Amino acid sequence: MNRSDVRREAGATPAHVGSRPVWAEIDLGAVRHNASLLGRVAAPGALCAVVKADGYGHGAIAVARAALEGGASWLAVATPEEGVQLLDAGIAAPVLVLSEPPPEAMVDVVGRGLTLTLYSQRAIHAAGLASTRAGVVTDVHVKVDTGMHRVGAAAAELLEVVQAVVAEPSLRFAALWTHFPVADGVEDEDRSFTEAQIRSLGEARDLLARAGHAPPMLHAANSAGALAYPAARLDMARCGIALYGVPPFPVVDPVVARVMDGTGARALRPVLSLRAKVTLVRRLDAHERPSYGRLYGLEAPSTVATVPLGYADGVPRRYFTLGGTVLVGGRRRPLAGMVTMDQIVVDCGPGDDVAVGDDVVLIGEQGSESLTAPQWAEVLGTISHEVFCGIGPRVPRVVVDREGQG
Ligand SMILES: *Cc1c(COP(=O)(O)O)cnc(C)c1O
């Protein structure tokens with residue numbers, strides 16, 4: 001497909017985008033597809049769709065509904081407020097809050113129907129008291145720290161923590177869980193660390209069972225854990241990034257590739273594309289230096305297109321300095337200078353026929369070219385999670401539903 005074909009295919013800006021032609025297209029068909037694939041990976045365990053941070057910037061409510069349709073049966077969020085937002089939207093699935101709310105917040109948090117993660121004595125007592133006063137029973141998933149060292153009860157304190165939950169008549173000990181820091185790693189060390197964590201979780205379960213508190217449910221895996229470690233799937237897999245269509249591994253090593261192929265996980269479909277339209281075109285002479293700092297010199301006369309989104313919208317300034325590209329006319333083009341807060345400039349090359357209104361793709365496909373979130377992450381030295389979360393609230397999310405290739 002040549003450039004003008006791509007342009008002729010240019011669609012109209014979706015109606016509800018507003019006056020600035022920039023939007024993130026969210027394909028709910030892809031969410032359902034990915035959820036169904038991951039649900040098969042997790043089976044017979046449950047799939048928990050992780051929709052924290054507004055569904056990794058995709059829109060939590062729409063993603064949650066599509067994931068449940070596709071086969072997820074749980075949802076997970078980072079904060080009680082995020083969970084309440086889902087319940088207020090009428091979503092009926094169980095919603096797990098992944099970190100412990102502070103004790104003083106429990107009065108507001110219990111009674112909303114959320115499943116809480118707890119791991120400290122004070123929070124457990126506060127949750128118990130608040131639940132008793134509210135006349136509700138709150139389900140509690142106790143988190144044990146097996147090596148991430150961020151949140152969770154230390155293994156040595158776990159029994160006391162669980163005993164404290166069980167001692168509260170208005171709390172129900174519903175699960176034991178943990179989290180992996182390097183399940184996406186491909187070094188031998190990463191694999192042995194993750195395998196040791198899976199063993200530690202099993203030992204923690206056995207210890208509780210011997211004390212008469214066998215956890216009704218056990219979970220550990222994030223996307224990488226679910227795809228690369230069958231032993232980590234247990235009763236539930238908490239998948240975020242894979243649900244959004246991104247394989248969780250920066251590099252796929254042979255072991256992971258084998259497991260992934262076994263699950264069909266290479267067939268994940270990207271959910272988000274970031275799109276815009278050219279708002280201004282200039283023909284500039286050689287040696288002109290567009291944008292702040294005048295850091296990019298045109299070597300020859302060139303066509304420079306202005307696209308109306310910038311670092312306030314999720315295109316970091318360093319996307320220019322690190323050599324990031326965008327798609328215009330079905331080809332990758334370099335930025336013609338520093339990313340600004342609200343706009344970028346794109347070097348379309350000498351004599352290019354780019355015009356105002358042409359489609360620009362920042363993440364997604366155009367003609368036979370594509371730019372993916374992992375490619376952005378590679379340029380920026382980060383992970384796709386951060387690329388998605390960087391797409392700012394000023395960018396409208398436009399929901400579509402493509403059936404796709406199944
Ligand atoms: C965010 C998160 C997940 C999901 O991780 P992905 O890598 O996006 O699959 C799972 N579990 C916990 C505790 C998390 O915080």
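This one's a predicted model, so the numbers in the text were calculated from it and none came from an experiment. Order of appearance sets the numbers: ligands from 1, and atoms from 1 within every ligand.
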Residue and atom name of the nearest protein heavy atom (relative to atom 12 (C) of ligand 1), distance in Å to one decimal: His179 CE1, 3.3 Å
Side-chain donor/acceptor of Asp235 to backbone N/O of His219, under 3.5 Å: no
Nearest-neighbour protein heavy atom for atom 7 (O) of ligand 1, which is reported as residue plus atom name and distance: His385 NE2, 3.1 Å
Sequence-distant partners of Ser36, side chain to side chain donor-acceptor pair (under 3.5 Å), two or more places apart: Arg40
Which segment of Arg238 sits under 4.0 Å of ligand 1 when only heavy atoms are counted: both
Cys239-ligand 1 polar pair, N/O distance under 3.5 Å: no
Nearest non-hydrogen protein atom, atom 1 (C) of ligand 1: Lys52 NZ, 1.4 Å
Numbered atoms and elements of ligand 1 in range of Arg150, under 4.0 angstrom, heavy atoms: 15 (O)
N-O pairing of Glu369 and Arg332 below 4.0 Å: yes
Tyr56, Phe180, Tyr244, Trp177: member with heavy atom nearest to atom 8 (O) of ligand 1: Tyr56
Test of proximity, Leu98 against ligand 1: N or O pairs below 3.5 Å: no
Proximity to ligand 1 by part of Met148, non-hydrogen separation under 4.0 Å: neither
Aromatic ring pairing His385/Tyr56, orientation class (parallel under 30°, perpendicular over 60°, tilted between): tilted
Lys/Arg cation over aromatic Tyr311: Arg318, 6.0 Å, 45° cone: no
Protein heavy atom at shortest distance from atom 9 (O) of ligand 1: Ser223 OG, 2.5 Å
Glu403 and Arg32 ion-paired at < 4.0 Å: yes
Expected output: side-chain Asp313 to main-chain Gly392 donor-acceptor under 3.5 Å: no
